[in-house]
Colleague: 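My questions will all concern the structure given below.
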Amino acid sequence: MPIQYYIVLSLALFCIGIVGVLTRRNAIIIFMCIELMLNAVNLLLVAFSKMHHNTVLAADKATQAGIEGQLFVFFIMVVAAAEVSVGLAIIVMMFRNTHSVDVNFLNRLKN
Amino acid sequence: MNSIIVSALMGMVMMFSGIVTNSKQSIKNIAIAAMAVLLVAHLADANDIFKININVHGMLNFNRFGMYFTTLVIGATLLYTIISGDEVVKVGANSADYFALIFFVLTGVSILASYNNLLMLFLGIEILTIPLFVLTGSDKKNLKSNEASLKYFLMGSFSTGIMLMGIALYYGASGNFNIDVNRVANEPVNSGILIPLGLLLMFIALAFKVSAAPFHFWTPDVYDGAPTVFTSFMATIVKAAGFIAFIRLFESRSADMGVSWTILMPVIIIATLLVGNVTAVFQQSVKRMLAYSSIAQAGFMLFALVGLNDVAKEGLLLYTVAYSIATIGIFSILLKMKDYTFEGYNGLAKTQPLLAFANTVFLLSLAGIPLTAGFFAKYYVLAAALKQDTSILWLVIVALVFAAISAYYYFKVIQAMYFKDGEAAVSEIKPSFKLTLLLLAAIIIIVGIFPTVVFNWFYF
Amino acid sequence: MISLLLILIPLLGGLITFVLKDAKTAKNFALAVSLVTLAVSVFSVSGAAASQLQYDAAWLPTFGSRFTLQLDGMGKMLTLLTAISFPVVFIATYNNEYKNAHQFFALMLLTQTGLTGVFAAADVLLFYFFWELALIPVYFLASIWGGEKRIQVTFKFFVYTFLGSLLMLAGIVYMYYHNPEQSFALSSFYKIQLTGAKSGLVFWLFFIAFAIKMPVFPFHTWQPDAYEQSPTAVTMILSGVMVKMGVFAVIRWLIPVFPQNAAHFSNIIIILSVTGMLYASFIAIKQDDLKRLIAYSSIAHIGLMCAAIFANNTTGLNGVMIQMFNHGINVIGLWIVANAIEQQLGTRKISALGGLAQKAPTLAILLVVLAFANIALPLTNAFIGEFLMFNGLFTYNVWAAAIAGVSIILGAVYTLNMVQKVFYGNTNTVTENAVEISGNVKWILIVLVLLIIILGVYPQPVFNLTGDTIKTIFNK
Amino acid sequence: MNQLVYLVPLFPLLGFLINGLGRKSLSKSMIGTIGSGAILASFVVSLMLFFQVKNGAVATVNYFNFINVQNLTIPFAFQVDQLSSLFLLIITGVGFLIHLYSTAYMHEEEPQHFGRYFAYLNLFVFSMLLLVMGANYVIMFIGWEGVGLCSYLLIGFWFKNDNYNYAAKKAFIMNRIGDLGFLLAIFWIIAKLGTVNYADVFTNDSIQKLSSTDITAITILLFVGAMGKSAQIPLYTWLPDAMAGPTPVSALIHAATMVTAGIYMIARSNLLYSASEVAQNLVAIIGLATALFSATIALKQNDIKKVLAYSTVSQLGYMFLGLGVGAYTGAVFHVMTHAFFKALLFLGAGSVIHAMHHEQDIRKMGGLKKHLPITHITFLLGCIAISGIPPFSGFFSKDEILAAAFAHNPIYWGLGVAGAAMTAFYMFRLYATTFLGTFRGTQDQEHHLHESPSAMTIPLIVLAVLSVIGGFVGVPEVLGGHHALHEFLSPVLVTEQHHEIAHQTEYMLMGISVAIAAIAIIFAINKFSKKPDLQDAQGLGKTLENKWYIDELYDAVIVNPLNNLAGFFKNVVEKSGIDGIVNGVGRLVSYSSRQIRLIQSGQVGGYILFMVMAIVVIVLIWVNDGFIYKLFTK
Amino acid sequence: MSATQILFWILSVVALFSAIMVLLSKNPVHSVLWLIAVFFSISGHYILLNAQFLAIVNMIVYAGAIMVLFLFVVMLMNLNKETEPQKNLWLKLAGVVSGGCLLMILVSLIRQASEVTNKQVLLKDGNIGLIKNLGKALFSDYVVPFEISSVLFLSAMIGAVVIGKKN
């Protein structure tokens with residue numbers, strides 16, 4: 001597969017994530033959209049990782065080239081998990097206090 | 001490496017100390033002691049006395065600049081703990097945990113001061129920010145604190161996403177995550193599109209971390225909403241860490257971004273200075289004013305990125321000292337005030353002359369008046385930019401015009417303290433607090449007269 | 001060493017004064033400190049060897065900046081003026097009451113430190129330091145002990161001058177990176193050959209900083225307000241010594257560093273200065289506030305100095321030199337009178353006064369001498385300076401001198417107006433109970449008046465003193 | 001001789017210091033003695049100097065360098081030569097008489113003010129001596145301004161009266177206008193010659209160094225100075241107002257000495273003036289115009305001192321006419337004779353005023369002849385002298401000027417004679433109204449009328465004698481004299497290039513002028529001794545009485561516009577303009593602060609939207625290696 | 001078109017459609033479910049790319065753990081569509097437009113990037129995605145970040161406790 005396909009696909013997912021962040025008011029959904037963005041990045045990284053691997057593969061059959069990309073994805077998942085735990089805790093805390101997760105109500109701090 | 005390991009360890013120590021004791025005072029003392037241990041450990045490392053040697057496989061690269069920066073940050077945090085420790089433990093029930101989180105933040109700072117791989121940059125930033133989300137929201141009953149925390153979290157995660165996309169693009173072109181900090185700076189490579197685009201996205205994410213306009217929006221709200229004592233921490237130590245990460249990446253990579261660097265930086269700088277300085281003018285609350293002021297100061301620190309030379313690094317170090325210490329001092333006084341508005345400071349000079357004096361020194365330093373460290377901080381970063389390219393003079397002039405505007409809101413506090421009548425309400429002041437405050441003021445003035453003491457230590 | 005002493009004595013004195021809690025002690029101590037400084041300064045002018053007037057120490061080794069003090073003729077003259085001014089001010093306002101007097105006098109002495117430093121610094125960064133050091137205490141002095149609108153007014157003053165000095169800072173850094181010796185030393189700055197379009201910009205950066213301080217039209221609007229609102233002791237220092245910083249800086253740091261630009265832009269600057277002279281004189285005619293009147297008069301005088309500097313000839317520059325000193329003396333004298341009137345009668349409104357000559361004849365006589373010195377009557381000191389300055393300006397351009405000369409006439413108009421309305425005529429309800437000035441004010445005024453006359457008849461000592469500075473500038 | 005020179009100004013200076021400092025402790029008689037004594041001493045020294053000069057000893061004495069800078073040296077030096085020694089005599093001589101007179105005239109003052117008065121007077125003489133003795137223009141200028149100062153102080157001597165203060169101020173300011181011209185002339189000389197010393201300037205070499213433009217400019221600028229000091233059109237209006245001062249002051253300053261400083265200056269610079277025809281013509285025309293113009297005003301004045309004041313202006317105009325037509329000796333001669341008779345007239349007027357208890361309106365006098373015999377006689381002699389009736393002094397000096405004017409341009413002469421006729425007319429109008437007829441004052445005044453004390457009458461007598469015989473030092477050749485004055489002054493004054501006028505013509509000219517003057521006198525005495533002109537004037541007369549409304553004109557054309565301009569500067573340009581801009585910048589900052597902070601809406605969505613848009617823009621900036629950058633650079 | 005290619009297209013379409021549905025669903029629960037669908041399709045891509053380990057981790061951690069957590073929270077809060085009023089239409093439009101712009105710019109830029117032209121991703125070849133190789137690398141070269149991520153977890157844990165604990 002040409003790498004461009006993956007690039008376009010993940011960029012599309014990434015931008016859908018962004019659009020989601022911009023258009024939704026529910027904090028949880030916004031957070032989910034951010035997760036979507038991260039997954040788009042993951043996909044891109046894996047695709048690049050394979051691409052690099054392929055370039056070297058022809059010369060060196062035993063090459064481990066490209067493995068960094070996949071490890072990076074692994075770390076992103078780790079971090080995402082950590083982030084989710086904290087993020088959801090914050091959202092829950094917010095909900096406990098205001099009974100809403102609407103970000104539009106977050107306007108005590110402004111100007 | 002010592003600092004990373006020891007700070008993580010000390011973080012755990014603090015976690016467990018919360019189980020062992022419930023006395024807030026002793027928790028604070030443990031924290032101070034732990035911080036001192038961390039500082040000693042790091043100094044031992046920096047002076048080659050004792051090193052924990054781990055094969056880092058090129059993930060980290062400890063150079064003098066990074067080590068020294070870490071020293072300054074740990075030192076500043078120690079001072080912060082001493083002067084504001086009492087307030088930290090007052091925020092909530094989990095005081096030990098707050099300190100633990102602070103130590104983890106320091107781990108992140110240490111990583112950011114020495115990363116050589118974008119993975120470490122990513123991890124460092126996450127280790128730095130996740131505790132901050134928590135600290136921001138630590139005043140759980142306070143809706144403002146909640147709101148700040150959520151805002152910070154959402155926007156922070158968003159910026160992380162942007163940064164990751166940048167890293168991915170960078171990886172797509174280069175095939176690895178090394179940034180090679182030892183590469184000779186400004187040696188342009190034929191970098192095509194992906195690397196510069198990736199760097200651009202990373203730039204944006206880092207700009208978000210250091211609250212450069214137009215990615216600064218989180219700053220005022222978060223700084224305002226967070227418990228004041230943590231605002232102080234965030235606005236100083238964390239911000240400086242953002243800059244070290246920034247300069248570390250672009251020191252060797254700015255040339256890869258091509259011509260855009262020379263147009264992008266001025267635009268960002270001017271926007272940052274404009275937003276920071278101009279918006280601060282109208283603020284009614286000192287705390288929020290300081291939030292905007294921190295944006296404004298970031299605008300000056302960005303000059304170090306225009307320079308990206310030795311002077312710039314020295315300037316950044318000096319700025320770290322000058323800005324951090326002054327801001328910690330101002331916030332520590334703010335914490336004692338009952339009323340955070342400017343009016344709340346009215347007549348402070350009469351009731352608390354020492355506080356007023358120290359506060360004045362800090363404010364003068366922020367405004368960049370000579371004889372205070374802030375002057376040389378500004379001087380060095382601006383000189384760095386001019387050294388790189390004297391045709392940037394116009395930008396320096398613009399920046400200085402904004403510096404003059406900044407005097408407006410800093411001096412509003414001074415005016416309130418000295419020239420207006422009123423009874424400034426302050427909570428109880430301990431003698432030790434005053435002593436520490438004087439120490440901070442003394443540092444500001446000494447560095448303001450002999451800025452080279454900071455570097456002499458660094459170079460020799 | 002002498003030059004260092006001149007800075008150290010008021011600095012230490014000032015710091016000590018902060019600690020003295022008793023108002024009387026603080027006052028006397030500050031006076032003593034200022035007198036000691038005066039003694040040292042007199043020695044520096046009269047008997048000190050050149051080596052004693054130099055002081056050099058390492059300061060920022062990695063940066064090419066040293067703590068270098070050096071007193072040449074102009075420096076000696078202006079430090080002497082500073083050293084004279086402070087005791088004079090202290091004595092003349094001896095009876096004024098200040099809350100927190102120890103802080104007041106401490107800040108005054110710190111101001112003196114800054115001023116002396118500015119005049120003695122031979123390193124541009126050091127110069128900048130002292131430049132600001134002189135400003136900060138004045139800001140506090142004026143804001144704490146000033147008049148009703150002091151906060152806004154002094155802040156405007158502060159920001160205005162701060163902006164100016166920041167611009168200068170940009171210029172300094174720029175120059176530094178064009179200095180092959182990578183140094184801030186005066187001597188190496190003099191060697192810089194800056195060319196091209198940017199040099200013009202840098203020239204203006206410096207000039208605007210100095211122009212605000214002097215102040216030259218149209219950068220002057222902070223001044224009348226600041227003079228009006230500051231406590232008189234501070235106003236005396238502001239107008240007597242501090243505005244000389246700007247003039248001094250132009251002579252020391254601008255003209256010799258940017259000779260081509262100075263010549264190139266002299267037209268614009270002279271037009272500005274001359275416009276300012278007339279403009280300020282006209283406004284002074286309409287002033288009803290004694291302090292504002294003196295302020296505008298001062299703007300007119302400074303405009304002449306600025307124009308004469310840029311006329312770029314020795315005659316004019318000699319005039320500027322002596323006028324710096326003399327204007328200081330004269331204007332302080334005028335402020336003392338203004339203070340004496342305000343302290344006694346509680347008003348500065350010229351229209352509310354009148355007939356004081358009957359009540360306070362000595363004051364009236366002294367004022368008349370001061371007033372005529374203010375309009376440069378021959379045999380008063382100001383004549384020498386103005387004569388030479390106009391002469392220099394004339395050499396530059398006949399019309400410039402002729403138009404600027406109109407200010408001589410206007411000067412007479414507003415000064416005599418003031419004298420007439422305040423001292424002549426009949427007494428009214430305000431001035432009915434006026435009494436003669438107190439002894440300290442009288443004697444200090446007499447000293448000033450004697451200085452005015454002596455220097456008006458025999459100005460040569462000042463020329464001899466400043467000759468070397470002029471030579472340096474014109475031989476460059 | 002050199003040892004004596006400094007003594008001349010030193011005595012008055014000492015007198016000033018002693019009287020000034022000791023005014024509260026010294027007694028009146030002491031003060032009077034010191035004041036007059038100082039001038040007398042000066043006079044004696046001046047006399048000694050004069051005789052030495054007469055024997056040909058001319059000296060320039062350098063004391064110290066007043067100003068000595070790189071390219072310019074101005075010595076503090078005195079020059080005693082024919083011209084200055086003559087003026088010294090006039091100043092100290094007339095000055096002494098007036099001092100003497102003052103001791104009596106001012107006797108009513110409190111001791112303190114009495115002392116002040118004499119201090120001022122001494123200072124004035126000191127300044128005047130500096131002016132005359134200075135060996136260069138700068139020293140002259142010092143004296144020049146010094147006399148202006150003293151004039152200011154003395155006009156406003158009674159400082160409680162605001163009108164007097166205004167008059168004093170006006171005098172000083174108008175003088176200053178002239179001074180500016182003088183100063184510029186000095187600068188011009190310095191710029192071209194590098195020196196201001198007479199000895200260096202008045203040499204043929206120097207004159208050759210100057211282009212004709214230079215000379216014209218210098219001379220005209222000097223003349224502007226003279227206009228101010230010597231009250232010529234357009235700067236004359238201060239002099240009549242200056243009559244606010246004590247009468248002896250008017251006599252000394254505003255008649256005999258200070259106002260002639262302009263004449264002295266031009267006479268001193270005669271070498272320059274002779275080289276510039278333009279300037280000479282200007283001087284002549286202005287002088288003539290002033291002479292006529294002020295004579296017309298004098299016709300209708302009712303204040304005894306005002307008449308004399310306008311007459312002074314008019315006589316000064318004659319002197320300038322003389323200077324303008326090259327009759328330098330004539331002008332100086334007229335200065336001398338004028339000093340005698342005008343001082344006499346003023347002192348006489350003072351005597352009258354003294355007797356009338358400070359009444360100055362001649363309409364309320366009349367018939368004083370019998371009450372004040374000495375004053376009357378001396379006054380009459382003065383009137384005759386000023387009217388140019390031979391052989392009184394005024395005749396010789398005025399005739400010399402008129403003759404030179406005729407040689408230059410007969411029209412000048414014609415106008416000059418017309419002026420002389422008016423002079424004769426108004427002087428005798430004054431005389432007749434005051435001394436002849438019947439007394440028109442109050443009973444009370446009449447009761448107290450008395451002749452003045454001898455300290456006042458002695459000067460009157462001395463001056464009257466001088467007025468009568470003073471002219472004989474300059475009897476023209478045509479009348480068989482040999483003009484001693486001309487001979488005496490010839491080393492310092494350029495020989496006048498008279499177009500030789502035939503003796504017949506000259507006799508005829510004298511005849512005509514004397515005849516016209518005589519007719520005017522007779523007409524005036526006839527008209528006013530019986531029924532003086534007491535009604536308010538109508539038509540032209542009213543215009544004359546109001547001085548052609550020149551003061552009002554100046555107010556309307558110059559003073560008020562400038563005043564309004566100043567007000568405009570103060571209230572509009574300064575407040576709204578310059579300060580408005582400065583404050584506007586501050587306001588702009590706080591306004592933008594209020595606006596920009598609205599972007600900080602508090603909405604996370606908005607924040608992120610901004611960020612995304614910023615990313616789009618930044619990427620766009622970056623695209624194609626910065627196409628926007630290229631857009632700017634190309 | 002080979003089977004893998006067909007699979008690629010199907011997975012891509014599913015992923016994009018589900019992603020869009022995440023945005024469009026009014027009900028948060030549906031959004032969560034759609035997101036899980038996205039993750040599954042991405043996992044499918046991983047498998048196609050022969051990155052089995054990541055595919056599994058993605059399914060377990062993301063789709064399994066994280067999304068379930070989300071679902072719990074959503075359920076817990078009992079959010080239904082009524083709780084979320086519509087955002088300002090203009091703001092929405094602005095969001096869509098700027099997101100679209102970004103996509104357009106990035107795609108148009110990267111498509112022509114020389115680094116990636118003619119680069120292929122060979123789907124079946126290579127074994128770097130296998131757990132053995134990844135594990136080796138993780139515990140040798142990547143041991144430092146691995147250890148450090150424990151600090152991250154620690155802080156996240158403390159954070160969750162601090163925030164979540166009632167006091």
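Each chain gets a letter, A, B and so on, in the order the sequences are listed, and its residues count up from 1. Keep in mind that the numbers below use all heavy atoms, side chains included, and drop hydrogens, waters and symmetry copies.
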Colleague: Does any backbone or side-chain atom of B:Ser391 lie under 4.5 Å from a heavy atom of chain C? Answer side chain, backbone, both or neither.
Modeller: both
Colleague: So which heavy atom on C:Ala170 is nearest to which on B:Val396, and how close?
Modeller: CB-CG1, 4.0 Å
Colleague: Can you say whether B:Ile392 sits under 4.5 Å from chain C via the side chain, the backbone, both, or neither, judging by heavy atoms?
Modeller: neither
Colleague: Could you pull out the closest heavy-atom pair between C:Tyr174 and B:Leu386, with the gap in Å?
Modeller: N-CD1, 3.8 Å
Colleague: Go through the atoms of B:Tyr380 and report whether side chain, backbone, both or neither lie under 4.5 Å from a heavy atom of chain C.
Modeller: side chain
Colleague: Please determine whether the number of non-hydrogen atoms from other residues, nucleotides or ligands lying under 6.0 Å from atom CZ of C:Phe29 exceeds 12.
Modeller: yes
Colleague: Show your reasoning for whether ring pair (Phe, Tyr, Trp, His ring centres under 6.0 Å) applies to B:Phe375 and C:Tyr128.
Modeller: CA-CA 11 Å; B:Phe375 167 72; C:Tyr128 184 81; 5.4 Å; yes
Colleague: Is it the side chain or the backbone of B:Leu393 that comes within 4.5 Å of chain C heavy atoms, both, or neither?
Modeller: side chain
Colleague: Find out whether C:Leu133 and B:Pro370 are in side-chain contact, i.e. whether some heavy atom of one side chain is under 4.5 Å from a heavy atom of the other.
Modeller: no
Colleague: Could you grab the distance from atom CD of C:Gln152 to atom CD of B:Gln415, nearest 0.5 Å is fine?
Modeller: 8.0 Å
Colleague: When rounded to the nearest 0.5 angstrom, what is the spacing between CD1 in C:Ile151 and OH in B:Tyr418?
Modeller: 14.0 Å
Colleague: As an exercise, state the distance from OH of B:Tyr379 to CD1 of C:Ile172, rounded to the nearest 0.5 Å.
Modeller: 7.5 Å
Colleague: Can you label the angle between the B:Phe376 ring and the C:Phe129 ring as parallel, tilted or perpendicular, going by 30° and 60°?
Modeller: tilted
Colleague: Among B:Leu382, B:Val401, B:Leu400, exactly one meets side-chain contact (heavy atoms from CB on, under 4.5 Å) together with C:Leu166. Which residue is that?
Modeller: B:Leu400
Colleague: Under 4.5 Å heavy-atom distance to chain B, tell me which part of C:Leu135 shows up: side chain, backbone, both or neither.
Modeller: neither
Colleague: Locate the shortest heavy-atom distance separating B:Thr390 from C:Lys198; write the atom from each residue and the value.
Modeller: O-NZ, 4.3 Å
Colleague: Is B:Phe357 atom CZ crowded by more than 12 heavy atoms from other residues, nucleotides or ligands, each under 6.0 Å away?
Modeller: no
Colleague: Which class fits the ring pair B:Phe419 and C:Phe140: parallel under 30°, tilted 30 to 60°, perpendicular over 60°?
Modeller: perpendicular
Colleague: Would you find more than 12 non-hydrogen atoms of other residues, nucleotides or ligands less than 6.0 Å from C:Glu148 atom CD?
Modeller: no
Colleague: How many angstroms lie between CD1 in B:Ile397 and CG in C:Leu205, if you round to the nearest 0.5 Å?
Modeller: 4.0 Å
Colleague: For residues B:Ala407 and C:Val159, report the shortest heavy-atom separation together with the two atoms involved.
Modeller: CB-CG2, 4.5 Å
Colleague: Look at C:Trp131, C:Trp145, C:Phe130, C:Tyr139 and state which one has the largest set of heavy-atom pairs under 4.5 Å with chain B.
Modeller: C:Tyr139
Colleague: Do you know which of C:Phe158, C:Phe155, C:Tyr160, C:Phe162 has the most heavy-atom pairs under 4.5 Å to chain B?
Modeller: C:Phe155
